Amino acid sequence: MTGHFSEDGSAETVNDRISAEADARLAEVMRALVRHLHEFIKDVHLTQPEWEAAIGFLTRTGQICDDTRQEFILLSDVLGASMLVDAINNRRPQGATENTVLGPFHVDGAPRYEMGADISLEGGGERCLFEGRVLDLDGRPIEGAVLDVWCDNEDGFYDVQQPGIQPAFNNRGVFTTGADGRYRFRGIRPVSYPIPDDGPVGQLLGQLGRHPYRPAHMHFIVSAEGFETVVTHTFVEGDGYLSSDAVFGVKSSLIASFEPMDDGETRWRSTFDFVLVPVTPG
Ligand code: BEZ
Ligand code: FE
């Protein structure tokens, strides 16, 4: 072996340089990455201008990132990579609540509320009651389960996207279940909204004829001692984007009922039970 580069043996030439002392998992991942990358370049017969365009795209993707904007995760989301990594790492038994994307708008330290509290701090929107139970696989209530919830406002923006316009922690809250495993809070019926599309990822979506919208959803992180944490959403049934979510986050088991109700200001009631899987030892 000369170690010199040729089209035919390109991937092997690169991979043969990996030292035997390299971390075994890193070497495994990088070998596969190089193999697939070289196969891809040959498959599409990538041209020099296309390669330059790709480098320019990745450069712009990095340049727009800062403490509050992560364009690479957005890219992973619109390519379905985020959902695939999540799927292969969170296989759960039938009946357990499925995960979906976390998204960039979760904030640590949201206010802890008593059950029944209203998480919408600005008024507006269509008022909605969210309620249900946190259960184990045998249908028993889980006491002490923590639900961290957040959603957009009636204009389709999260509070962190509009500092100074929306109150901090608008449409966010943390609730802890009692012995009956029940949760109950008020807020607004979420609305569909576009993912941030003023950067390279949005431009790519436009060039591909893809829209940037997500169907309306309420985010939940549900955790309890001894159980796997569920990072998920409930989706508003009937939303027009359920079949074309820009980040592929919809699973049919996560579509929740939103029934009209007439209780003072509250116009909607959404019920959903979360079913958690025990942590497997080891
Ligand atoms: C979200 O649901 O908040 C979200 C998820 C992925 C990308 C952008 C936003
Ligand atoms: Fe969201």
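In listed order, ligands and their atoms are each counted from 1. All of these numbers come straight from a predicted model, not from anything done at the bench. Count residues from 1 along the sequence.
- For atom 8 (C) of ligand 1, the nearest non-hydrogen atom from the set S76, P104, P215, P190 comes from P104.
- Regarding atom 2 (O) of ligand 1, its nearest protein heavy-atom neighbour is R214 NH1, 2.5 Å.
- Of the candidates G249, C151, G103, it is G103 that places a heavy atom closest to atom 5 (C) of ligand 1.
- Taking backbone and side-chain atoms together, H217 has an N/O/S atom less than 2.8 Å away from the Fe ion (ligand 2).
- Exactly one of F274, W150, F175, F272 qualifies for a ring-ring contact (aromatic ring centres under 6.0 Å, His included) with F220. That residue is F274.
- Residue-ligand proximity: H106 is placed with every non-hydrogen atom at 4.0 Å or more from ligand 1.
- Salt bridge R269/E131: present, at least one basic N to carboxylate O contact under 4.0 Å.
- Under the 4.5 Å side-chain criterion, counting only non-hydrogen atoms from C-beta, P200 is not in contact with T59.
- The proximity of L102 to ligand 1, defined as any non-hydrogen pair under 4.0 Å, does not occur for either the backbone or the side chain.
- We find that E265 and R186 are not joined by a salt bridge, their nearest charged nitrogen and carboxylate oxygen being 4.0 Å or further apart.
- When the heavy atoms of F105, Y193, Y158 are ranked by distance to atom 1 (C) of ligand 1, first place goes to Y193.
- At least one N, O or S atom of H219 sits under 2.8 Å from the Fe ion (ligand 2).
- At the Fe ion (ligand 2), the angle from OH in Y158 to OH in Y193 is 100° when rounded to 10°.
- Shortest contact from atom 6 (C) of ligand 1 to any protein heavy atom: D77 OD2, 3.3 Å.
- Ligand 1 places these atoms under 4.0 Å from at least one heavy atom of L74: 7 (C), 8 (C).
- No hydrogens or angles considered: nothing links the side chains of D245 and H217 as a donor-acceptor pair under 3.5 Å.
- Side chains of T100 and M83 form a contact here, defined as non-hydrogen atoms less than 4.5 Å apart.
- With no hydrogens or angles considered, a side-chain donor-acceptor pair links T68 and D66 at under 3.5 Å.
- Using a 4.5 Å heavy-atom threshold, the side chains of E126 and F258 count as separate.
- Of the heavy atoms in W150, none comes closer than 4.0 Å to ligand 1.
- Annotation for ligand 1: atoms under 4.0 Å from non-hydrogen atoms of H219 are 1 (C), 2 (O), 3 (O).
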* May I have the step-by-step check of ring-ring contact (aromatic ring centres under 6.0 Å, His included) for H219 and F105, ending in yes or no? => CA-CA 10 Å; H219 289 261; F105 301 126; 7.9 Å; no
